[in-house]
Amino acid sequence: MSITADVHRLLRLRQDHAAWTLLRADSAPAVLALLGRHFDHGTRRLPAPELFARLDSDLQTMRDEGLDFPRTGQAYCTEWVRSGYLLRRAAAGTREETLEPTEGAFAAMAFVAGFTSQASSATESRLTTLSTQLQALARDSDPRAETRLAALLAERSSIDQQIAAVESGVFPVLDGERAVERSAEILALASEVPADFARVRAELEELNRDLRARILDDDGDRGDTLGDVFRGVDLIGDSDAGRSFSAFYDMILDPARSSQIDEWIDAVLQRPFASQLTNDQKRRFRALLTEMETAGSEVHSTMTSLSRSLRHFVQSRHYEEHRRLQRLLRSAQQSAVAVATRRRPYDLLDLDLVRVGMSIESVAALRLHNPADNLVTEPVRTHDPGTVDLDELRKLVRESEIDMDELSDNVAATLRAHGRATIGDVLREYPATQGLASAVGLMVLATHHGHAIDGTEDIHWISGAGVSRRATIRRHLFDPAADEFTTRPAFAPTGSST
């Protein structure tokens with residue numbers, strides 16, 4: 001591949017790949033910190049409401065530290081789904097959605113984690129893993145019987161020497177520091193499994209889309225892809241990603257292998273060096289097999305569902321309707337290209353087009369209509385008309401509302417008598433008939449139809465329980481020219497002390 005092709009390939013990756021887009025984003029530190037906090041150590045998927053609540057708590061903590069994050073956790077999750085950092089799925093058996101990082105988000109988190117990882121890239125355990133895997137690859141890929149036999153004999157000789165050493169009681173035991181280092185290396189490899197599963201699932205979904213596109217593009221009913229599906233070939237399961245995952249899935253579901261892994265984990269945690277492991281490392285060891293089985297089951301379910309959906313798409317002949325729609329769309333596009341040389345998009349046409357639209361809503365937002373909600377179950381009762389007592393009606397209103405008309409009359413009367421008035425002046429002339437409500441009403445009037453002046457004043461009123469109350473408030477001077485007071489009739493207001 002030429003250097004120019006490499007440059008263009010990387011340019012496309014920078015533009016389209018979610019990992020690169022996330023790393024280039026201004027909000028990358030916050031996004032990676034939040035996703036890494038809640039999707040780590042085997043956690044691959046969370047119910048959407050639970051993730052929203054967790055993010056709201058984290059965002060409030062960051063706001064308290066002076067960081068600017070004005071939106072809610074749900075709003076940020078919606079943005080991250082659009083950006084390709086999170087994947088929204090419907091939880092099986094419930095109406096609740098789940099959220100999980102995409103392959104790109106896992107890749108970005110792993111990339112950044114490499115900057116701060118305390119483990120050296122040249123540790124003994126990593127070199128041992130590399131050499132073991134290299135030896136196995138060289139042996140298992142060797143087609144020559146003589147060299148392969150020689151390698152197996154050498155391994156048997158080495159194993160015989162180790163057996164003799166153990167029988168004699170003189171054999172090396174991995175010390176604490178090196179054992180802890182190897183444990184960390186194992187957990188580091190295990191932490192990459194969620195990203196691997198996300199990658200496999202993304203490959204399977206991409207393969208499903210590609211197969212459907214090929215079915216629609218195949219001419220006639222005897223296209224290669226279409227014919228394979230009709231013959232019962234599992235194109236998704238037989239793909240490279242499908243075969244690789246199936247081999248892994250069969251291995252972790254093997255009872256003998258699973259039991260062996262559990263025994264190894266129990267043995268490791270009972271060793272003396274296990275006391276140097278953190279509680280989190282011990283927890284991850286115990287959950288190692290369970291997390292791989294759970295994640296593997298989810299990917300296997302996805303692969304099976306895609307295979308069944310593809311077969312149903314073909315066998316139900318739904319693809320024929322999709323082909324017809326595709327031909328209509330392409331025909332319309334070709335006609336538009338031909339017309340574009342003669343007419344411009346904004347030219348007026350002598351055509352009346354009927355626009356057909358529909359609103360798209362979440363299923364969770366729909367509510368079933370219950371006709372019984374509109375039924376009146378109680379019999380209609382008829383009451384004889386009576387006479388309304390206006391004074392009693394006014395008392396009922398005053399129990400729930402501040403009588404602003406009475407207060408305005410009191411202020412107007414005080415202004416006419418003295419030329420100026422504060423809240424304290426009005427209350428001395430006309431006591432608060434509604435207690436605290438009268439004082440609050442006067443403060444509202446002073447704010448709207450007056451202005452604050454220097455100093456404070458004490459005001460008094462009698463509460464509903466008959467207790468004398470006092471408050472110190474800022475002085476406000478009512479405006480004698482305000483329409484609220486000049487239009488009031490000149491008579492003694494209610495509650496007048498004169």
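We're numbering straight along the sequence, starting at 1. Worth knowing before you read on, the calculation uses all heavy atoms, side chains too, and leaves out hydrogens, waters and symmetry mates.
Around atom CZ of Arg209, more than 12 heavy atoms belonging to other residues, nucleotides or ligands sit under 6.0 Å away. The number of heavy atoms from other shown groups lying within 6.0 Å of CZ (Arg470) does not exceed 12. Heavy-atom neighbours of Asp347 CG from other residues, nucleotides or ligands within 6.0 Å: above the threshold of 12. For CZ of Arg308, the number of neighbouring non-hydrogen atoms (other residues, nucleotides, ligands) closer than 6.0 Å is 12 at most.
Considering NE2 of His300 and CG of Leu204, their distance stands at 10.5 Å, rounded to 0.5 Å. Taking OG1 from Thr290 and CD from Glu293, the interatomic distance works out to 6.0 Å, rounded to the nearest 0.5 Å. Here CG of Asp454 is found 7.5 Å from CZ of Arg474. Values are rounded to the nearest 0.5 Å. Atoms CG and OG1, on Asp403 and Thr433 in that order, are 7.0 Å from each other to the nearest 0.5 Å. A distance of 14.5 Å separates NE2 in His318 from CZ in Arg323, rounded to the nearest 0.5 Å. Atoms CD1 and CG, from Ile261 and Leu289 in turn, are 5.5 Å apart once rounded to the nearest 0.5 Å.
Although no hydrogens or angles enter the test, the distance criterion places no donor-acceptor pair under 3.5 Å between the side chain of Ser57 and the main chain of Ala53. Without hydrogens or angle criteria, Gln281 side chain to Thr278 main chain gives a donor-acceptor distance under 3.5 Å. Using modelled atom types, no side-chain atom of Ser27 and backbone atom of Val31 make a donor-acceptor pair closer than 3.5 Å. His418 places no side-chain N or O within 3.5 Å of a backbone atom of Arg420 that could act as its donor or acceptor partner. The main-chain N or O of Gly84 is found under 3.5 Å from a side-chain atom of Thr102 such that the two form a donor-acceptor pair. Judged by distance alone, the side chain of Arg24 and the main-chain N or O of Arg14 form a donor-acceptor pair under 3.5 Å. Although no hydrogens or angles enter the test, the distance criterion places no donor-acceptor pair under 3.5 Å between the side chain of Arg428 and the main chain of Ile459. Between the side chain of Glu457 and the backbone N or O of Gly424 there is at least one donor-acceptor pair closer than 3.5 Å. Put simply, the side chain of Asp479 never gets that close to the backbone of His449: no donor and acceptor are under 3.5 Å apart. Not a single donor-acceptor pair under 3.5 Å links the side chain of Ser331 to the backbone N or O of Arg327.
Inter-residue side-chain proximity for Thr456 and Ile473 is flagged as unmet; no heavy-atom pair is nearer than 4.5 Å. Counting heavy atoms from C-beta on, the side chains of Leu436 and Arg469 never come closer than 4.5 Å. Between Leu34 and Tyr76, every side-chain heavy-atom pair lies at or beyond the 4.5 Å cut-off. Under the 4.5 Å side-chain criterion, counting only non-hydrogen atoms from C-beta, Val81 is not in contact with Thr78. Contact annotation: the side chain of Leu23 approaches that of Leu32 to within less than 4.5 Å [non-hydrogen atoms, C-beta and beyond]. Side chains of Leu99 and Leu87 form no contact here, defined as non-hydrogen atoms less than 4.5 Å apart. Looking only at side-chain heavy atoms (C-beta outward), Ser246 and Met303 come within less than 4.5 Å of each other. Annotation: side chain of Glu103 is not in contact with side chain of Glu203 (no heavy-atom distance under 4.5 Å).
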### Task
List the steps and the verdict of side chain to side chain contact (heavy atoms under 4.5 Å, CB included) for Thr98 and Leu46.
CA-CA 5 Å; Thr98 61; Leu46 286 172; over 6 Å; no
### Task
Take Arg201 and Glu205, measure what salt bridge (Lys or Arg N to Asp or Glu O under 4.0 Å) needs, and give me the verdict at the end.
CA-CA 6 Å; Arg201 186 160 47 200; Glu205 292 173 345; 5.1 Å; no
### Task
Test Glu100 against Arg89 for salt bridge (Lys or Arg N to Asp or Glu O under 4.0 Å), laying out the working first.
CA-CA 8 Å; Glu100 59 187 286; Arg89 294 182 184 274; 3.0 Å; yes
### Query
Checking side chain to side chain contact (heavy atoms under 4.5 Å, CB included) for the pair Arg317/Glu320: CA distance, chi angles, key distance, verdict?
CA-CA 6 Å; Arg317 309 195 79 86; Glu320 294 177 347; 2.7 Å; yes
### Task
Would you sort out whether Cys77 and Phe52 count as a side chain to side chain contact (heavy atoms under 4.5 Å, CB included), showing the intermediate values?
CA-CA 8 Å; Cys77 284; Phe52 297 158; 3.6 Å; yes
### Task
Decide side chain to side chain contact (heavy atoms under 4.5 Å, CB included) for Leu310 and Ile215; before the verdict, give the C-alpha distance in whole Å, the side-chain angles of both, and the deciding distance to 0.1 Å.
CA-CA 10 Å; Leu310 184 64; Ile215 289 173; 3.9 Å; yes
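Counting all heavy atoms, side chain and backbone alike, Phe106 lies closest to Pro101 at CE1-O, 3.7 Å. Nearest heavy-atom pair across Ala432 and Ser438 is CB-CB, 3.5 Å. Minimum heavy-atom separation, Gly237 to Ser307: N-OG, 4.2 Å. Residues Thr486 and Pro480 come closest through the heavy atom pair CG2-O, 3.2 Å. Between Ala105 and Leu35, the closest heavy-atom pair is CB-CD1, 4.4 Å. Considering every non-hydrogen atom in both Leu277 and Lys282, the closest pair reads O-CE, 3.6 Å.
Residue pairs that meet the salt bridge (charged side-chain N to carboxylate O under 4.0 Å, His left out) test with at least one member in residues 58-69, sequence neighbours left out, are Arg37-Asp58.
In summary, the side chains of Ser309 and Arg212 do present a donor paired with an acceptor at a separation below 3.5 Å, with no hydrogens or angles considered. At a cut-off of 3.5 Å, with distance as the only test, a side-chain donor of Glu484 or Ser408 sits close to an acceptor on the other residue. Between the side chains of Thr472 and Asp458, at least one donor-acceptor pair of N or O atoms lies under 3.5 Å.
By the ring pair (Phe, Tyr, Trp, His ring centres under 6.0 Å) test, His460 is found to be paired with no residue, residues two or more places apart in sequence or in another chain being considered. Looking at residues two or more places apart in sequence or on another chain, you find no ring pair (Phe, Tyr, Trp, His ring centres under 6.0 Å) involving His448.
With ring centers used as reference points, Phe313 lies under 6.0 Å from His322.
Partner of Tyr430 under the side-chain contact (heavy atoms from CB on, under 4.5 Å) criterion, chosen from Thr414, Asp409, Val411: Thr414.
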